[in-house]
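Input: a single structure, listed below in structure tokens.
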Amino acid sequence: MRIGIFDSGLGGLIIAKATRKAMPEYDYVYLGDTKRVPYGNRSHEAVYEFTKEAVNYLFKKENCAIVIIACNTSSARALRRIQQEYLVNYNHTRKIMGESERKILGVLIPTAEECAKYKRVGILGTLGTINSNTFPKEIKKINKKTIVFQNPTPMLVPLIEEGEKVLAKQFIKKYLKPFLNKKLDAVALGCTHYPFYKNEIKKVLGKKVRVISQDEIIPKKLKNYFARHPEIEKKLAKNRKAKILVTDITPNIKKLSQKWFGKNTRPELIHL
Ligand code: DGL
């Protein structure tokens, strides 16, 4: 069986690449919903439906034992409901058929766990993620004393996808400005794309502020999860294979997937 990694688009490739580097032995399948990206400004219902369709595809068609929802917007707005409604039913049916359970993990809780180690934390994310208030809620569940500041950064995803560095740097300064007088200990990059500009963000924040970046924390958390769940780990194939599925292919999608995942990347078109 495989490890599935899902994102609204291609940003999650940054997390997929880091995870594959940390655990190259497994077989991975990445699914980017490039036809319907961005999710950041969509309704709860739309994000839920789209995410559910993608997870269902990865379970049924790609034989994934576990799916990582690399999209923060999906993790913030849909994950809990998907686990409580869709996954419970899915696993119930599998049990009746004598088959093993599947798992879904998001990127938000592992990130919240890192944030909860600090007193004063800033969160950057899409409008959907920030408006859902999920980061502060989850951080407070772990550490009531952590003070959380949030700022939506809606322009960063399109600028990163366009490779527009000069403008992106200007927006980074603008979006980080409200954080600069808050005496923050850490800032979490709560969106798949932002690790791409980690260094620029670090420069603006200065050395005293830790930047919590999901490409650094998710591979470690997943490794740890497998150590605690050998029943899942032992089901995983170890052929060192990876494939990328997308719901739309354009020249830009080919270019970005090669830039973010490697020169030999050939995205395959699928329909959800
Ligand atoms: N993948 C999304 C996230 O991490 C960013 C792109 C989008 O808006 O869909 O929130």
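Here the structure is a predicted model, which means the values were calculated and not measured. Read the numbers this way: they start at 1 and go in the same order the structure lists the ligands and their atoms. Sequential numbering from 1 along the given sequence is applied to the chain's residues. Because only heavy atoms are used, hydrogens play no part in the values below, and waters and symmetry mates are left out as well, while side chains stay in.
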I need the atoms of ligand 1 closer than 4.0 Å to a non-hydrogen atom of [X], numbered in the order shown.
X: Y39; value: 7 (C), 8 (O), 9 (O)
X: V37; value: 9 (O)
X: G40; value: 7 (C), 8 (O), 9 (O)

Task: Charged N-O contact under 4.0 Å between E233 and K238 - done: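 Judged by the 4.0 Å cut-off on N to carboxylate O distance, E233 and K238 do form a salt bridge.
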Task: Side-chain ion pair, K234 and E231, N-O less than 4.0 Å - done: no
TODO: Test salt bridge (charged side-chain N to carboxylate O under 4.0 Å, His left out) on R94 and E101 and set out the steps.
DONE: CA-CA 7 Å; R94 293 192 68 82; E101 281 197 349; over 6 Å; no
Open item on the list: Check for me whether the distance between the ring centres of F59 and Y90 falls short of 6.0 Å.
Closed with: yes
Open item on the list: Looking at K182, I want to see if its NZ is surrounded by more than 12 non-hydrogen atoms of other residues, nucleotides or ligands under 6.0 Å.
Closed with: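 Yes, because the 6.0 Å sphere around NZ of K182 holds more than 12 heavy atoms from other groups.
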Task: Separation between CG of D7 and OG1 of T192, rounded to the nearest 0.5 Å - done: 4.0 Å
Which residue and atom name correspond to the protein heavy atom nearest [atom], and how close is it?
atom: atom 1 (N) of ligand 1; value: D7 OD1, 2.7 Å
atom: atom 6 (C) of ligand 1; value: S8 OG, 3.5 Å
atom: atom 5 (C) of ligand 1; value: C191 SG, 3.5 Å
atom: atom 10 (O) of ligand 1; value: T73 OG1, 2.6 Å

Open item on the list: Tell me the contacting part of T126 for ligand 1: side chain, backbone, both, or neither, using a 4.0 Å heavy-atom threshold, strictly below.
Closed with: side chain
TODO: Between T192 and ligand 1, find which residue part has any heavy-atom pair under 4.0 Å and reply side chain, backbone, both or neither.
DONE: both
Open item on the list: Just by distance, no angles: are the side chains of T146 and N143 close enough, under 3.5 Å, to form a donor-acceptor pair?
Closed with: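 Present: a donor and an acceptor within the cut-off.
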Open item on the list: Below the 3.5 angstrom mark, is there an N/O of H193, backbone or side chain, next to an N/O of ligand 1?
Closed with: no
